Engineer: 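My questions all concern the structure below.
Remember, it's 1-based here, ligands and their atoms both numbered in the order they're listed. Only a predicted model underlies this, so the values are computations on that prediction, with no experimental measurement involved.
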Amino acid sequence: MSQNFEVVQINENSWYFDGAVGRAFLFKGEKQALLVDTTMGPGDLRGEVTKLVGDLPVLLVNTHGDSDHIGCNEQFEHAYMHPSEFAYYAVKCKKGDAEPLPLQEGEEIDIGGRVFEVILTPGHTYGSICLLNRKERFLVGGDSILKIVFIFGPQRNLRALISSLKKLRVQYFEAFDQIYTSHSDCPVDRTFILQELSAAEDLLAGKLTGTEPGDIPLEGPDYKPAALYMKGESGFFDYKELDY
Ligand SMILES: [Zn+2]
């Protein structure tokens, strides 16, 4: 079922899988492999991972609990995520999906020669995380840093997102060069954080005017949109506040 994923090699021991929606990352260490997210699925992601890392133990981390990040979670026993995401994951996961296990802010995931530091970045969801690899100077951004960031539904919070982007700018900006993003272009330069932050602040301050969401898919009955914003090709955020 490999046709369900486009496999892209980033470097000798790193790959990503582009699913129909969403992206998963695979990092091979000396002791373990780290899989970040599982896309929307469907497909034999576990099989694809095995092709690349053999029988190395695979540690699954979910950046957050949205459906396009946990779609193949049933192929794994456990999924590490921030405890603030547990309640949302309980709503979004399917029967038989990986059991959630806690991953805390500041915790270091050492897969053997490669270390990933957990950074809590709420906003897109309450328990969204990024993973920082200081030695290789990249950040796995989840949906916290994107060309299009969705802010709608009960999990989304623009003020929290702004706070998280400021935290990345103030505390971590010098520690990485590139950001591995879950949608659209990948990788992007770290300066993307500054653009997203200024647009988000302008949005909160009412300096950006709203437009209709256009062809952004608002999926499923769960997605009762409160608001969303996106960064378009123009470099500005379009925003639409919806009543419900
Ligand atoms: Zn996503």
Engineer: Looking only at heavy atoms, what is the nearest atom pair of Asp110 and Gly112, with distance?
Structural biologist: OD1-N, 2.9 Å

Engineer: Can the ring centres of Phe116 and Phe25 be said to be less than 6.0 Å apart?
Structural biologist: no

Engineer: Show me the donor-acceptor pairs, under 3.5 Å and distance only, between side chains in residues 74-81 and residues at least two apart or in other chains.
Structural biologist:
from	atom 1	to	atom 2	distance (Å)
Gln75	OE1	Leu45	N	3.0
Gln75	OE1	Arg46	N	2.9
Gln75	NE2	Gly43	O	2.7

Engineer: Please report whether the ring centroid of Tyr180 lies less than 6.0 Å from that of Tyr16.
Structural biologist: no

Engineer: Please check this pair: side chain of Asn133 against backbone of Arg114, looking for a donor-acceptor N/O pair closer than 3.5 Å.
Structural biologist: no

Engineer: For the Zn ion (ligand 1), which protein N/O/S atoms are closer than 2.8 Å?
Structural biologist: Asp68 OD2, His69 NE2, Asp143 OD2, His183 NE2

Engineer: Give a yes or no on whether the backbone of Leu197 and the side-chain of Arg169 come within a donor-acceptor separation of less than 3.5 Å.
Structural biologist: no

